[in-house]
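The structure appears right after this line, and notes come after that.
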Amino acid sequence: MRKMVASQNQNSNEMSVAHNPTDFRSLMNRFWDFMDSSNSDFEGLSPKIEVTDNKDVVKVTAEIPGIDEKDIDLKVSSDGYLCISGEKKNQFKENGKDNYFSEISYGMFKRTIQLPWDLDYDATTAKYNNGVLMVSIPKSQIEKQKFKKIDVAKS
């Protein structure tokens with residue numbers, strides 16, 4: 001396994017996953033997400049995620065249709081991980097009737113993503129409406145000052 005992760009193209013100077021901890025962490029996150037979903041019969045419940053970045057805030061949008069907001073567990077860690085988990089419960093129980101056909105999935109889900117910015121995790125807010133979870137995490141003052149726009153003048 002180590003040879004697979006640490007393999008490097010001998011003809012290039014590119015760093016492999018083993019030399020870049022951020023890439024290695026991302027690889028491990030993908031591995032554990034795969035293991036979590038491959039052990040579950042409810043792969044379709046894993047939320048689709050979009051992360052957007054603007055000047056002051058990072059927004060994470062997750063599609064989680066058919067789930068009540070009370071069944072969503074949202075955690076953000078100071079080392080930059082956002083974990084969205086929850087459970088879609090079967091709302092309909094009919095006594096004495098068998099399903100003829102059903103493609104609706106029920107069960108638990110968990111999705112963890114890494115956020116690569118220096119963020120103010122204490123000021124995180126979340127809203128859930130019509131199956132869409134929107135998480136807003138403001139950038140810290142340090143992160144806001146990392147980049148400066150430089151105007152280019154014609155010479």
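Since the model is a prediction, treat every value here as computed from it, not as a measurement. Counting from 1, the numbers follow the sequence of the chain as shown.
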Going through the checks in order, is the side-chain contact (heavy atoms from CB on, under 4.5 Å) test met by Val60 and Leu115?
-> CA-CA 10 Å; Val60 178; Leu115 303 171; 4.1 Å; yes

Does any non-hydrogen side-chain atom of [Y] lie less than 4.5 Å from one of [X]?
{"X": "Cys83", "Y": "Lys110", "result": "yes"}
{"X": "Ile150", "Y": "Val152", "result": "no"}
{"X": "Ile72", "Y": "Ile67", "result": "yes"}
{"X": "Leu82", "Y": "Val51", "result": "no"}

Only one of Val76, Thr125, Leu74 clears side-chain contact (heavy atoms from CB on, under 4.5 Å) with Val135; which?
-> Leu74

What's the spacing between [X] [atom1] and [Y] [atom2] if we round to 0.5 Å?
{"X": "Glu69", "Y": "Lys127", "atom1": "CD", "atom2": "NZ", "value": "14.0 Å"}
{"X": "Glu63", "Y": "Ile49", "atom1": "CD", "atom2": "CD1", "value": "10.0 Å"}
{"X": "Asp68", "Y": "Glu87", "atom1": "CG", "atom2": "CD", "value": "11.0 Å"}
{"X": "Met134", "Y": "Thr52", "atom1": "CE", "atom2": "OG1", "value": "7.5 Å"}

Kindly indicate, with the supporting measurements, whether the criterion side-chain contact (heavy atoms from CB on, under 4.5 Å) is fulfilled by Lys139 and Asp56.
-> CA-CA 6 Å; Lys139 292 183 178 179; Asp56 297 322; 5.9 Å; no

Atom of [X], atom of [Y] and distance for their closest heavy-atom approach:
{"X": "Ile64", "Y": "Phe109", "answer": "CG2-CZ, 3.7 Å"}
{"X": "Val57", "Y": "Ile137", "answer": "CG2-O, 3.3 Å"}
{"X": "Ser46", "Y": "Arg111", "answer": "OG-CD, 3.7 Å"}
{"X": "Ala123", "Y": "Pro138", "answer": "O-CD, 3.6 Å"}

